[in-house]
Structure formats: C-alpha cells, structure tokens
J.: 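One structure coming up, written as structure tokens, with questions to follow.
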Amino acid sequence: MNMAAQGFAVVQAFEHDVLAGLNAAQKTLPCKYLYDEAGSRLFEEICALEDYYLTRTEADIFARKIDAMAQALGPDVTLIEPGAGNCAKAEPLLQAMYTPAAYLPLDISPEILFAARQRIQQRMPGLPISPAVGDFTSPAVWRELPETAGRKVVFFPGSTIGNFTPEQARSLLGLFADQVQTGDGLLLAADLVKDSVVLERAYHDSNHVTEAFNKNLLHRINRELDGSFNIDAFAHRAFYHRLRRRVEMHLVSLKEQVVEVCGRQFHFAEGETIHTENSHKYTLATLEELLHSTGFQPQQYWTDHQQHYAIYYAEAV
Ligand code: AVJ
C-alpha cells in the first residue's frame, strides 16, 4: 500500500472503530487510538511521573541486567521489535548484544520510526536496520520484513502486552511464534500484580496527566471525526479489577447528554462510561503459563527487588 492509501485506510479504521465502539452496550474505544501525536507526548509525560512506577522500574531492570540479557539472547541475532516507537529501549540492548545481525522495528508511526532509524544508524553504522510501518497485530506488516538468516529474537518491552486481554495476548504471542523458528527468542516485559493502591495511583496520578491522556481521545474524535464531545462533561476514572487482574480506564459521563460523531448521535446516561483501556497485570505464574500456551519455553527472568515488574526471556519450542 502506498502512504496516501495507507493514511486513508487508517482514517477509515478509526471512524469504523469509534462508531462501532460507541454503539456497543458498554461503550468502548480501542486503546491504540490514545497514541496520536498529542497522546504520545502525554504518554511520555506519564512515563516520567513519580506515581507511574512502570517505566522507571523497567529502565532500572534493563540498566542492571542488560549484559545478562544480551548473553541470554546470544550472538548474531536479528532483533525484531513490534511497536518500537522511538526505539529508545532497543538501542542499549543492541549495544550490549554480541554482533547483532540486524534490527527490524515495526510501528504505526512512520515519522517516529524513520527518525529513530537515522539516530541508531549514526551510532551503529554497521548494523542493518529495516523498519516496517503498520499495526503489529496484523500479519500483513510482518510480511514486509526482509527475510533474514540466523536466529531471531522478538523484543516486546514496555508491558504493552498488558493492553491485551488474556485471549488477545495469546493470539498476539501466537502471531510472534509464527514469525520465528524453534530456538529463536522472545524478550517480553510485563507489569506484575501488586497492591491496588499502588496500581490505582499509577493510572490516576496526582498531576492529572493520565486524565489528560484519556481525555485526549475525545479531543481527537472532535478533531478528526467531527465530534461534539464536551470534554468537561466527562471525568477520568481508573480502578483495579481484582478478578480480571487489570486496571481499567474509563471516561464517565457527568450528565445525561447526546454527542455527535460523524453526523451520528450517541446518547449517554449520567454515570455511563466509555471503556478506553485495559492494563492487565500478571503474576510470574500467569506469565509463564501465557508463554507455555503459545509455544515459548521460559528460560530466565529478571525483576526488581519489590517484584513490581518482570522481563522474561523465552525460546520457541
Ligand atoms: C503503554 C500499555 C504500558 O498500561 O501502563 C499508561 C499505557 N495508560 N497510563 C500501561 C497507560 C495509562 C501503559 N502501557
């Protein structure tokens, strides 16, 4: 697909998904749409918050264990990163790896991806880098990657896996498994189950950045789909659902109201919510179970001293 056709398809998918989501009994919007330019900037701000322990905990594990990880991955490996964004996490890993064969980042944002390629290329001139633009949950974008000889490792940091329900996570890791051979690897990070006060503070931060991040989705719909959302008539809500082992993010309608999107009307009762994101939390056991069920054998994991966060290395069987 050329860039213009791709842009058109992306707009159509957004319109389709928003209309379908607002028509559902429990109104819902796919969380991937939180990450437009403004949303991605807000998410970066979230990552720097005191209340949001995930990013710094993961960074701390990487900083302490990067050599052990590089060792586990092995020499001459092609590193494939779905949802690579600015590729900031792969760079130190590639530096620590023994003669990496190539780096293949996948992302929906071509601008961020190509800027990152240029940056890494300058610092690692000998490393072949082949980015692919598209949604990593669709097999189509994986087919754009060049054929490579030798071992491959799929790198999936950031606890992005948390955005997928257990069934979706299984099919996503199944898709990853389809891309690799026996003995190839997966380096996967996940946020762990912990005290609900700590969890809820991370998604309802005292700086209100997560609130702005959540509400940005309504701004985006207003802008791109001719929406009439009154942002102040919605509140940010985030809570930990113990049984589902996930933090759910919602936008709560503060009054009965009718909102227009793409010329269609949607009714909101007072207190009715739009479910905008899930962030699933794992235990070491549920994470290992997920890996096993998708054809990966856990080899090693690294965690922080509070066991808030885990990074697993597993190999395809
Ligand atoms: C990008 C999926 C890891 O679930 O913690 C942060 C997204 N949402 N604050 C997460 C997010 C609200 C984040 N992930």
Side-chain angles (χ1 to χ4, degrees), residues 28-62 81-90 105-109 112 135-137 155-166 168-169 172-173 187-220 234-241 244-252 273-282 286-287 290 304 308-312:
T28 176
L29 293 169
C31 65
K32 63 181 175 187
Y33 296 120
L34 289 164
Y35 301 88
D36 64 348
E37 212 184 304
S40 299
R41 230 178 306 113
L42 286 164
F43 178 64
E44 273 180 38
E45 237 179 278
I46 289 173
C47 290
L49 292 172
E50 180 65 33
D51 289 334
Y52 194 72
Y53 61 86
L54 289 83
T55 310
R56 68 166 175 279
T57 306
E58 183 186 74
D60 183 60
I61 300 171
F62 275 123
E81 186 180 4
N86 65 9
C87 309
K89 290 171 186 172
L106 278 59
D107 205 88
I108 38 168
S109 166
I112 296 175
D135 179 345
F136 64 75
T137 61
F155 180 43
F156 201 46
S159 78
T160 309
I161 194 70
N163 277 159
F164 299 81
T165 65
Q168 293 168 337
L172 183 65
L173 294 201
L187 192 61
L188 171 74
D191 193 26
L192 301 178
V193 169
K194 62 184 61 63
D195 186 79
S196 61
V197 175
V198 176
L199 284 170
E200 287 176 359
R201 220 190 295 127
Y203 294 86
H204 207 134
D205 65 275
S206 49
N207 302 67
H208 305 281
V209 184
T210 312
E211 174 180 342
F213 174 67
N214 198 7
K215 290 184 173 178
N216 174 57
L217 194 48
L218 301 183
H219 283 295
R220 181 175 181 186
F234 287 84
H236 169 68
R237 181 184 291 165
F239 59 89
Y240 182 60
H241 194 302
R244 295 183 186 145
R245 289 208 189 94
R246 70 190 190 195
V247 173
E248 291 190 8
M249 223 165 63
H250 293 254
L251 289 161
V252 189
T273 76
I274 311 173
H275 186 179
T276 50
E277 188 176 45
N278 290 320
S279 189
H280 289 261
K281 307 306 168 188
Y282 286 85
T286 59
L287 203 49
L290 172 65
D304 55 293
H308 275 184
Y309 199 91
I311 303 173
Y312 263 82

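First listed ligand is number 1; within each ligand, the first listed atom is number 1. Because only heavy atoms are used, hydrogens play no part in the values below, and waters and symmetry mates are left out as well, while side chains stay in. Source: prediction; values computed, not measured.
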J.: According to the interplanar angle, ranging from 0 to 90°, do the rings of Y203 and Y52 count as parallel (below 30°), tilted (30 to 60°) or perpendicular (above 60°)?
T.: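 Geometry flag for Y52 against Y203: perpendicular rings.
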J.: Salt bridge or not for E81 and K89, using N-O below 4.0 Å?
T.: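 No.
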J.: Taking atom types as modelled, find out whether T276 and N214 have a side-chain donor-acceptor pair closer than 3.5 angstrom.
T.: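 Looking only at side-chain atoms, N214 and T276 do form a donor-acceptor pair, the distance falling under 3.5 Å.
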J.: Does one side chain, of N207 or D51, offer a donor that lies under 3.5 Å from an acceptor on the other?
T.: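 Result is no, nothing qualifies.
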J.: Evaluate the ring planes of Y35 and F43, with Trp represented by its six-membered ring, and classify them as parallel (under 30°), tilted (30 to 60°) or perpendicular (over 60°).
T.: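 Perpendicular, since the angle between the ring planes exceeds 60°.
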J.: Measure and list all N/O to N/O distances between ligand 1 and the protein that fall under 3.5 angstrom.
T.:
from: ligand 1; atom 1: 4 (O); to: Y203; atom 2: OH; distance (Å): 3.4
from: ligand 1; atom 1: 4 (O); to: S279; atom 2: OG; distance (Å): 2.6
from: ligand 1; atom 1: 5 (O); to: Y52; atom 2: OH; distance (Å): 2.5
from: ligand 1; atom 1: 5 (O); to: Y203; atom 2: OH; distance (Å): 2.5
from: ligand 1; atom 1: 8 (N); to: E277; atom 2: OE1; distance (Å): 2.5

J.: With sequence neighbours excluded, what pairs up with Y309 under the ring pair (Phe, Tyr, Trp, His ring centres under 6.0 Å) test?
T.: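 Ring pair (Phe, Tyr, Trp, His ring centres under 6.0 Å) list for Y309, sorted by chain: empty.
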